[in-house]
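Data first, discussion second: the structure below is written as structure tokens.
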There are 2 protein chains.
Amino acid sequence: MNTNPVRFAKALADETRQEIMAHLCCVWLSVNDLVDKMEGKVNQPTVSHHLKKLEEVGLVNVREEGRFRYYTLNQEQLTACCGVLVRSFAPDYAAQIILPDTIPTEK
Amino acid sequence: MNTNPVRFAKALADETRQEIMAHLCCVWLSVNDLVDKMEGKVNQPTVSHHLKKLEEVGLVNVREEGRFRYYTLNQEQLTACCGVLVRSFAPDYAAQIILPDTIPTEK
DNA sequence: TAATCCTATTGATAATCGTCAATATGTCAA
DNA sequence: TTGACATATTGACGATTATCAATAGGATTA
């Protein structure tokens, strides 16, 4: 199923999730690492919950290692979704930008 | 005040609002015109409510004419917000794209 | 095997949000 | 000025969602 712009926007439409995304940019972190980075703002189940939502729209990649699960931001997916937005809602600008042609997928 | 990515995403995070945005792409429509385009899915106060949210983050422009208010999609704002997203969350791709340098504003 | 650790799930609660009916505000026309 | 029209606002209601406490599910370690 394709990630449509509404699901993409809903995944981004939360302060906590965007903070999590910032922490996952260019780095792999375990859930507990992330909880630490959040500095007490949210607890472990909440972080898990947000990671699941991000994973559902392909905005994070996961790597399992024993009892750990390492997450990282999927930059290509984010860029592709932004590309869909611009092509849908800013046709006058779409021609000027270069974005991945990847067809985003989700669960 | 700057339009931050969370507010931008929240404005996009609704099916009805994205449908309204699609109708306002490259064209000026009055509120009632929009209500007609929505084909009974939502009523006039609801359309007004959504237009207000889009206006608050600068995603639509408004032109007043007598008792009419004409709305249109602000493509540049949308593109700029996507640019902020890509630069924030996809640095590996940001260099490849060209997006307006406009600093988005909101109410 | 038992204990410990990491993460996910469940259930509950509060807050946010989309929608509508009713009404208010403001503008044009008769 | 009065009535009709276009849009915005208010208040209420239901649905969704973010959060936490408690607990379950696996995997490692002692």
In whole Å, what is the span from the [atom1] atom of [X] to the [atom2] atom of [N]?
| X | N | atom1 | atom2 | result |
| --- | --- | --- | --- | --- |
| A:Glu19 | D:dA18 | CD | P | 15 Å |
| B:Glu15 | C:dC17 | CD | P | 18 Å |
| A:Glu65 | D:dG26 | CD | C1' | 16 Å |
| A:Lys41 | D:dA18 | NZ | P | 17 Å |
| A:Asp14 | D:dT16 | CG | P | 17 Å |
| A:Phe68 | C:dA8 | CZ | C1' | 15 Å |
| A:Glu56 | D:dT17 | CD | P | 11 Å |
| B:Tyr70 | D:dA6 | OH | P | 10 Å |

message: What contact category does B:His50 fall into here, base, sugar-phosphate, or nothing, at under 4.0 angstrom with non-hydrogen atoms?
response: sugar-phosphate

task: Would you mind classifying the nucleic acid contact of A:Tyr71 as base, sugar-phosphate or nothing, using non-hydrogen atoms under 4.0 angstrom?
output: sugar-phosphate

field: Nearest-nucleotide 5' precedence on DNA chain D, A:Ala13 against A:Arg67
entry: A:Ala13

- line: Per side chain to side chain contact (heavy atoms under 4.5 Å, CB included), B:Thr16 is matched among B:Met38, B:Lys41, B:Met21 by B:Met38

- prompt: Can you find a donor-acceptor pair, distance only, under 3.5 Å between B:Gln44 side chain and D:dA6 base?
  reply: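 Flag unset: no donor-acceptor pair detected.
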
On the nucleotide [N], are OP1 or OP2 found under 4.0 Å from the side-chain N or O atoms that [X] carries?
| X | N | value |
| --- | --- | --- |
| A:Thr16 | D:dA18 | no |
| A:Asn32 | C:dC5 | no |
| A:Thr46 | D:dT19 | no |
| A:Lys53 | D:dA18 | yes |
| B:Asn43 | C:dT19 | no |
| A:Lys52 | C:dT9 | yes |
| A:Lys10 | D:dT16 | no |
| A:Ser30 | C:dC6 | no |
| A:Arg69 | C:dC6 | no |

Looking at [Y], is its backbone amide N or carbonyl O close enough to the side chain of [X] to form a donor-acceptor pair, meaning the two atoms are under 3.5 Å apart?
| X | Y | result |
| --- | --- | --- |
| B:Glu55 | B:Asn61 | no |
| B:Thr72 | B:Val27 | yes |
| A:Arg63 | A:Tyr71 | no |

What nucleotide, of [options], holds the atom closest to the side chain of [X]?
| X | options | value |
| --- | --- | --- |
| A:His49 | C:dG18, D:dT19, C:dC20 | D:dT19 |
| A:Pro45 | D:dA21, D:dA18, C:dT19 | D:dA21 |
| B:Val31 | C:dC20, D:dT17, D:dA8 | D:dA8 |
| A:Ser48 | C:dA21, C:dT7, D:dA22 | C:dT7 |

field: Steps toward side-chain contact (heavy atoms from CB on, under 4.5 Å) verdict (A:Val60, A:Ile20)
entry: CA-CA 10 Å; A:Val60 295; A:Ile20 287 174; over 6 Å; no

task: Quick one: do B:Glu56 and B:Lys10 satisfy salt bridge (charged side-chain N to carboxylate O under 4.0 Å, His left out)? Show the steps, please.
output: CA-CA 11 Å; B:Glu56 281 170 355; B:Lys10 285 190 175 184; over 6 Å; no

